[in-house]
Participant: 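Sending over a structure as structure tokens; questions will come in a sec.
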2 protein chains.
Amino acid sequence: MGQNPMTVNQAIAKLKEKGYKNTDKRRDLLEVFADEKRYLSAKDVQEALKNKYPGLSFDTIYRNLSVFAEHGLLEETEWEGEKKFRFTCSAGHHHHHIICLTCGVTRSVDACPMDSVSTNMEGFEITGHKFEIYGYCTSCKKA
Amino acid sequence: MGQNPMTVNQAIAKLKEKGYKNTDKRRDLLEVFADEKRYLSAKDVQEALKNKYPGLSFDTIYRNLSVFAEHGLLEETEWEGEKKFRFTCSAGHHHHHIICLTCGVTRSVDACPMDSVSTNMEGFEITGHKFEIYGYCTSCKKA
DNA sequence: TTAGTTTTAGTAATGAGTACGATTTAAGCT
DNA sequence: AGCTTAAATCGTACTCATTACTAAAACTAA
């Protein structure tokens with residue numbers, strides 16, 4: 001495990017700054033995302049860690065995923081009634097994704113439609129936006 | 001009730017074509033959406049009809065909302081873990097929305113980012129996309 | 001009106017996500 | 001290293017949205 005030890009270490013360090021402790025489970029949770037680089041649901045994460053931590057509780061998974069997302073370590077979205085998370089691509093760089101609905105794998109879309117929206121937003125206090133393209137990747141298309 | 005009888009009648013007619021029957025509850029469900037022109041959750045709909053149909057079951061609501069959405073009478077989306085529906089704006093015209101997260105009211109965005117996406121989608125079979133801008137409308141901002 | 005189908009009420013089941021007390025663990029201090 | 005305390009975890013129970021099921025009622029078309 002751990003094709004990207006540096007990035008996980010950076011993430012752990014960032015958490016430490018904020019006062020979060022470095023636990024084995026947290027590290028392993030982050031490594032699942034660092035290794036996969038795909039959108040994963042809580043259940044996917046449980047599945048990925050079931051050998052190492054057979055009784056890993058949902059409380060632990062959900063709480064940590066929220067903490068990670070809150071501090072920018074993971075990107076969060078939801079589709080088909082489930083929250084999904086993925087390792088943050090490159091720190092600070094705003095972007096969007098093409099997402100495979102089956103496996104969660106993504107491809108980056110650098111352009112942001114907000115840059116060219118001409119609609120009048122007067123009166124609205126804008127707090128965020130979502131632009132995602134959905135489909136099936138080469139591998140999942142075949143199956 | 002029924003500020004938009006024409007549109008509701010058209011919707012009912014469309015359903016009839018497909019073999020669905022014209023029932024009072026279906027009509028009233030559609031009228032809630034025609035009157036509101038906002039994104040509403042199943043619970044919002046139940047609330048809106050609780051006087052006329054105190055015991056309206058969720059089965060009825062969800063089943064009909066799905067039927068409506070499936071045949072293009074309603075637009076469907078989800079945020080904050082809930083499915084939301086709104087009366088389809090203008091038949092056939094592709095567009096997006098600015099959405100108030102509190103009351104579901106919308107403003108149209110005519111431009112579609114898909115028209116100018118330059119990312120290579122080779123390998124991906126694209127099935128759909130989502131572009132939504134979130135915020136708070138004038139009324140909800142105050143409160 | 002009658003036959004046949006659709007719809008509905010009422011309720012139960014499912015599944016994602018959240019909450020909480022008791023126990024365990026990490027990290028800082030002496 | 002041992003002590004302290006604040007955080008993390010487990011195990012479980014709960015909430016909430018959504019879906020599923022069955023008997024009964026309502027509707028359409030002939």
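By convention in this document, chain letters (A, B, ...) are assigned in the order of the sequence lines, proteins followed by strands, and residues within each chain are numbered from 1. Note: hydrogens, waters and symmetry copies are ignored here, and every other heavy atom, side chains too, is used.
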Participant: More 5' along DNA chain D: B/K16 or A/Y20, using each one's nearest nucleotide?
Facilitator: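 Whichever sits nearer the 5' end wins; that is A/Y20.
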
Participant: Quick one, A/H129 with A/C112, criterion side-chain contact (heavy atoms from CB on, under 4.5 Å). Give me CA distance, side-chain angles, the key distance, then yes/no.
Facilitator: CA-CA 10 Å; A/H129 66 280; A/C112 175; 3.4 Å; yes

Participant: Take atom NZ of A/K84 and atom C1' of C/dG15, then tell me their distance rounded to the nearest Å.
Facilitator: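 To the nearest whole Å, that distance equals 13 Å.
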
Participant: Could you pick out which residue, B/D24 or B/S41, lies toward the 5' side of DNA chain D when each is mapped onto its nearest nucleotide?
Facilitator: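 The answer here is B/S41.
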
Participant: For the pair made of CG in B/N22 and C1' in D/dC27, what is the distance, rounded to whole Å?
Facilitator: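 Answer to the nearest Å: 10 Å.
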
Participant: I'd like a table of atom pairs between the protein and nucleotides 1-6 of chain D - only N or O on both sides, under 3.5 Å - with the distance next to each one.
Facilitator:
residue : atom : partner : partner atom : Å
D/dA6   : N3   : A/K21   : NZ           : 3.2

Participant: Within this structure, what is the CG-to-P distance between B/L65 and D/dA20, rounded to whole angstrom?
Facilitator: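 Between P of D/dA20 and CG of B/L65: 15 Å.
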
Participant: Find the distance A/E80:CD to D/dT18:P and express it as a whole number of Å.
Facilitator: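 So the CD-P distance, A/E80 to D/dT18, works out to 14 Å.
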
Participant: Checking B/Y53 against B/D24: is there a side-chain donor and acceptor pair closer than 3.5 Å?
Facilitator: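 No, no side-chain donor-acceptor contact under 3.5 Å.
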
Participant: Which of these nucleotides, C/dT18, D/dA17, D/dT9, is closest to any side-chain atom of B/E82?
Facilitator: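 Of all the options, the side chain of B/E82 is nearest to D/dA17.
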
Participant: Relative to the 5' end of DNA chain C, which residue comes earlier, A/Y62 or B/T23, by the nucleotide with the nearest heavy atom?
Facilitator: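 Result: B/T23.
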
Participant: Are any non-hydrogen side-chain atoms of A/N9 and A/R27 less than 4.5 angstrom apart?
Facilitator: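 Of all side-chain heavy-atom pairs linking A/R27 with A/N9, at least one is under 4.5 Å.
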
Participant: Do A/E17 and A/K14 sit within salt-bridge range, that is, some charged N less than 4.0 Å from a carboxylate O?
Facilitator: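 Between A/K14 and A/E17 there is no salt bridge, as every charged N stays at least 4.0 Å from the carboxylate O atoms.
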
Participant: Rounding to a whole Å, what distance do you find between B/K43:NZ and D/dT15:C1'?
Facilitator: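 So the two atoms are 10 Å apart, to the nearest Å.
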
Participant: For residues 54-67 of chain B, pull every pair meeting salt bridge (charged side-chain N to carboxylate O under 4.0 Å, His left out), keeping only residues two or more places apart or in separate chains.
Facilitator: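 As it turns out, the salt bridge (charged side-chain N to carboxylate O under 4.0 Å, His left out) pairs with a partner in residues 54-67 of chain B, which skip direct neighbours, are B/D59-B/R63.
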
Participant: Answer yes or no: is there a side-chain heavy-atom contact under 4.5 Å between B/F85 and B/E75?
Facilitator: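 They are not in contact (no side-chain heavy atoms under 4.5 Å apart), so the answer is no.
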
Participant: For A/E76 and C/dA16, what is the distance between atoms CD and P respectively, to the nearest whole Å?
Facilitator: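 Taking CD of A/E76 and P of C/dA16, I get 16 Å after rounding.
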
Participant: Any chance you could lay out the side-chain contact (heavy atoms from CB on, under 4.5 Å) test for B/K18 and B/H71, step after step, and finish with the verdict?
Facilitator: CA-CA 9 Å; B/K18 310 269 183 180; B/H71 293 90; 3.5 Å; yes

Participant: Write down the protein N/O and nucleotide N/O pairs, taken from nucleotides 10-12 of chain D, whose separation is under 3.5 Å; answer none if there are no such pairs.
Facilitator:
residue : atom : partner : partner atom : Å
D/dC10  : OP1  : A/K25   : NZ           : 3.0
D/dC10  : OP2  : A/S57   : N            : 3.4
D/dC10  : OP2  : A/T60   : OG1          : 2.6

Participant: Would you indicate what A/G81 reaches in the nucleic acid, counting non-hydrogen atoms under 4.0 angstrom: base, sugar-phosphate, or nothing?
Facilitator: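 Sugar-phosphate, backbone atoms only, no base.
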
Participant: Side chains of A/Y39 and A/T106: closer than 4.5 Å at any heavy-atom pair?
Facilitator: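 Yes, at least one pair of side-chain atoms sits under 4.5 Å.
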
Participant: For B/N64 and C/dT8, what is the distance between atoms CG and C1' respectively, to the nearest whole Å?
Facilitator: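 Whole-Å distance recorded here is 10 Å.
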
Participant: Starting at CG of A/L40 and ending at P of C/dA16, how long is that distance when rounded to a whole Å?
Facilitator: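 Whole-Å distance recorded here is 15 Å.
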
Participant: Report the C-alpha separation of A/I133 and A/H97 in whole Å, then their side-chain angles, then the decisive distance to 0.1 Å, and conclude whether the side-chain contact (heavy atoms from CB on, under 4.5 Å) test is met.
Facilitator: CA-CA 6 Å; A/I133 303 173; A/H97 283 130; over 6 Å; no

